[in-house]
Colleague: 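Structure provided below as structure tokens; questions to follow.
In the text below, chain A, chain B and the rest are named by the order of the sequence lines, each starting its count at 1. Owing to the predicted nature of the structure, the values given are computational and were not obtained by experimental measurement. Every heavy atom of this structure was used, including side-chain atoms; hydrogens, water molecules and symmetry mates were not.
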Amino acid sequence: MAQDNSPNKTITMNQRRSRTKFTEDQLKILIKAFHQNPYPGYATKQRLALEINTDESRIQIWFQNRRARHQCQKKSEPDEDLESSQDQDHSEEEIQSREDRRCHTSYTSSQLHTLIEAFMNNPYPGIDTREQLAKEIGIPESRVQIWFQSRRSRFHVQRKREPDDQDSEQRQDQEQDL
DNA sequence: GCTAATCTTATCAACAACCTGTTGATAAGCCCATTAGC
């Protein structure tokens, strides 16, 4: 999706998380797991994270990127290599057999207060800010990142709707005047 | 150039209050999302 060029974006760019460098052994394990199931549930991601000694959120991102690359590959070279042919059958059955999601995180009012305040200050916090917030409210950084994503999304939807709401209000006023 | 990190948007699903709205989690991205570190 197109991203805007707001000043906030610059803040994000400067504070990216440092790139994770997976070893060959780690990649072997991840690729094998991907062949078995490109949509692993939370339990599998946690197990993988433990196995290759990394964070579960990095496993999630790796699978997201892998799926994206894989989609491109499948389109450009259908029924080509072993990898593609092995993954041809993923689809409906696979979606049906998807593993459980992560448990719903519940935030306390004080945690939410801290997050909202931070959001108003900067809706695009970099890794340092997110980690600081995570530490402050005692929630994993990955959850803080997801919270900001959802918050921005709803904020954008709300802002898109606002002009419509104003229009309809104006129309109602005009109707009442008549 | 490859790919991890990040973004927006749409949708699913858990939860609080009791049928529906709110919001966290996840998936897709088609001029094959964009950005940026190695």
Colleague: Check this for me, if you would: do A:Glu56 and A:Arg102 make a salt bridge, where the nitrogen-to-carboxylate-oxygen distance has to be below 4.0 angstrom?
Modeller: yes

Colleague: Report yes if a donor N or O on one partner sits less than 3.5 Å from an acceptor N or O on the other, where the partners are the side chain of A:Arg16 and the base of B:dT35; otherwise report no.
Modeller: yes

Colleague: In residues 48-58 of chain A, which ones come under 4.0 Å of DNA chain B, going by heavy atoms?
Modeller: A:Arg58

Colleague: Just by distance, do the side chain of A:His70 and the backbone of A:Arg66 share a donor-acceptor pair under 3.5 Å?
Modeller: no

Colleague: Is the phosphate of B:dG24, meaning OP1 or OP2, less than 4.0 Å from a side-chain N or O of A:Arg102?
Modeller: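 False: A:Arg102 side-chain N/O out of range (4.0 Å or more) of B:dG24 OP1/OP2.
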
Colleague: Can you tell me, in whole Å, how much space there is between the P of B:dA27 and that of B:dC31?
Modeller: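 These two P atoms come out 23 Å apart once rounded.
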
Colleague: Quick check: does any side chain N or O of A:Gln26 sit under 3.5 Å from a backbone N or O of A:Thr23, one acting as donor and the other as acceptor?
Modeller: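 Looks like yes, one N/O pair under 3.5 Å.
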
Colleague: At under 4.0 Å between heavy atoms, what does A:Tyr107 touch on the DNA or RNA strands: base, sugar-phosphate, or nothing?
Modeller: sugar-phosphate

Colleague: Considering only the C1' atoms, how many Å lie between B:dT3 and B:dC32, rounded to the nearest integer?
Modeller: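 Taking atom C1' in both B:dT3 and B:dC32, they lie 15 Å apart.
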
Colleague: Sequence neighbours excluded, which residues qualify as side-chain contact (heavy atoms from CB on, under 4.5 Å) partners of A:Asn53?
Modeller: none

Colleague: What distance, rounded to whole Å, do you find between the two C1' atoms, one in B:dT8 and one in B:dT35?
Modeller: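 Those two atoms are separated by 14 Å.
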
Colleague: Could you check which nucleotide pairs with B:dC15 in any of the strands shown, counting Watson-Crick or G-U wobble with both distances under 3.5 Å?
Modeller: B:dG21

Colleague: My understanding is that only residues two or more places apart in sequence, or in another chain, count here; which of them pass ring-ring contact (aromatic ring centres under 6.0 Å, His included) with A:Phe155?
Modeller: A:Phe119

Colleague: Heavy atoms under 4.0 Å, any strand shown: does A:Ser150 hit a base, just sugar-phosphate, or nothing?
Modeller: base

Colleague: Record whether the side chain of A:Arg19 comes under 3.5 Å of the base of B:dT3 through a donor-acceptor pair of N or O atoms.
Modeller: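 Such a pair exists between side chain and base.
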
Colleague: Expressed as a whole number of Å, how far does the P atom of B:dC38 sit from that of B:dA13?
Modeller: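 Those two atoms are separated by 38 Å.
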
Colleague: Please name all residues satisfying salt bridge (Lys or Arg N to Asp or Glu O under 4.0 Å) with A:Glu51, sequence neighbours left out, ordered by chain then number.
Modeller: A:Arg47

Colleague: Please name all residues satisfying side chain to side chain donor-acceptor pair (under 3.5 Å) with A:Arg58, sequence neighbours left out, ordered by chain then number.
Modeller: none

Colleague: Between N or O atoms, less than 3.5 Å apart, protein on one side and nucleotides 13-17 of chain B on the other: list the pairs.
Modeller:
none

Colleague: Can you check whether A:Arg67 has a side-chain N or O nearer than 4.0 Å to OP1 or OP2 of B:dT26?
Modeller: no

Colleague: Which residues satisfy the side-chain contact (heavy atoms from CB on, under 4.5 Å) test with A:Asn65, sequence neighbours excluded?
Modeller: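 Result, side-chain contact (heavy atoms from CB on, under 4.5 Å) vs A:Asn65: A:Ile61, A:Arg69.
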
Colleague: Rounded to whole angstrom, note down the P distance from B:dT9 over to B:dG37.
Modeller: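 Straight-line distance between the two P atoms is 24 Å.
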
Colleague: Considering residues at least two apart in sequence or located in another chain, which fulfil the side-chain contact (heavy atoms from CB on, under 4.5 Å) criterion with A:Glu131?
Modeller: A:Ile127, A:Glu141

Colleague: Taking only residues at least two apart or on different chains, which pairs with a member in residues 142-151 of chain A satisfy side chain to side chain donor-acceptor pair (under 3.5 Å)?
Modeller: none

Colleague: Touch check for A:Thr105, heavy atoms < 4.0 angstrom, all strands: base, sugar-phosphate only, or nothing?
Modeller: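 If one applies the 4.0 Å heavy-atom cut-off, A:Thr105 turns out to touch the sugar-phosphate alone, with no base involved.
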
Colleague: Pick base, sugar-phosphate or nothing for A:Gln149, based on heavy-atom distances below 4.0 Å to the nucleic acid.
Modeller: base

Colleague: If the P atom of B:dT6 is compared with that of B:dT11, how far apart are they to the nearest Å?
Modeller: 26 Å

